[in-house]
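Below is one structure; the comments refer to it alone.
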Amino acid sequence: MAQCAATTASRLGQPDFAIAILNDFVDTARVVFGGPLMVARTVTQYHRAGLAGLHIEDQVQTKCCGHLTGKQIVGRDEFVTRIRAAVTARDSIPGGSDLMIIARSDSTDMDEAITRLKLAGDARADICFLEAVRSIDDLQRTVKALAPKPVLYNAVTGGVSPSVTVKEAEAAGVKIIIFPLISAVSMVHAIRSALKSLKETGTDVPSAWGMGPKQFFEVMGLKEAIEIDAKAGASAFNTL
């Protein structure tokens with residue numbers, strides 16, 4: 001079971017405390033809920049949505065962000081059962097599926113975490129992910145211990161793990177690096193700055209940077225929408 005802090009924040013305006021449900025995550029591929037049957041259902045829905053992969057972790061149902069303290073984890077057997085259920089569901093999809101199963105451990109004990117991820121790899125997880133690695137040395141140790149399974153690194157500035165660049169992660173042997181809060185944190189700073197400017201100047205002109213409604217909608221696919229409408233023979237948007 002894994003959940004995404006950015007999705008919980010952007011969709012619900014809540015901290016990452018297992019508040020979101022499956023439908024909130026159908027486009028994020030960062031969550032699996034409940035026992036084997038729910039794991040299988042989640043995998044099937046994510047495949048249908050055309051997603052590339054999902055994380056399955058070993059925290060308890062009432063989990064929290066991996067970079068907060070006080071995390072609780074389930075036993076090894078339950079974790080491996082979750083992985084096995086995901087792999088079985090993926091492999092049972094008619095026509096096949098290339099959905100990636102990413103096994104994540106939130107154990108704060110390095111030896112235990114590596115053991116769990118090895119078991120997950122034996123259960124045919126495609127990628128391994130040790131959350132909240134505390135040093136580059138620990139990261140390199142993880143990569144070496146889990147080889148040849150590819151290892152994912154979660155880069156969270158201000159979190160438990162050291163901030164590393166893509167090149168530094170690559171040098172440590174990491175195959176995938178994610179920056180899960182890069183857009184969400186930037187958005188918070190941008191909104192705060194825009195509202196501060198509005199309060200001080202009484203206008204939104206400085207924060208708009210010349211972007212009007214049409215330019216804004218173009219970011220959301222305005223041109224493509226107009227093209228579809230025109231190809232269908234309609235003319236509702238010809239004068240936009």
Check whether more than 12 heavy atoms from other residues, nucleotides or ligands sit under 6.0 Å from atom [atom1] of [X], and answer yes or no.
X    : atom1 : answer
L195 : CG    : yes
D98  : CG    : no
Q72  : CD    : no
F216 : CZ    : no

Is there a chain of hydrophobic side chains (I, L, V, M, F, W, Y, each step under 4.5 Å between heavy atoms) that links [X] to [Y]?
X    : Y    : value
V143 : L146 : yes
L130 : I177 : yes
M110 : Y153 : yes
I226 : I228 : no
I102 : I93  : no

Could you tell me whether [X] and [Y] have a side-chain N and a carboxylate O separated by less than 4.0 Å?
X    : Y    : result
D106 : R104 : yes
R116 : D58  : yes
R82  : E78  : yes
E131 : K71  : no

query: For the residue pair Q140 and A172, what are the closest heavy atoms and their distance?
result: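 Nearest heavy atoms, Q140 then A172: CG-CB, 3.9 Å.
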
- prompt: Looking at T81 and P36, what are the two nearest heavy atoms and their distance?
  reply: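 That would be CG2-CG, 3.6 Å.
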
- request: Evaluate the side chain to side chain contact (heavy atoms under 4.5 Å, CB included) criterion for residues S161 and R134: first the C-alpha distance (whole Å), next the side-chain angles of each, then the deciding distance (0.1 Å), finally the verdict.
  value: CA-CA 5 Å; S161 301; R134 294 181 177 273; over 6 Å; no

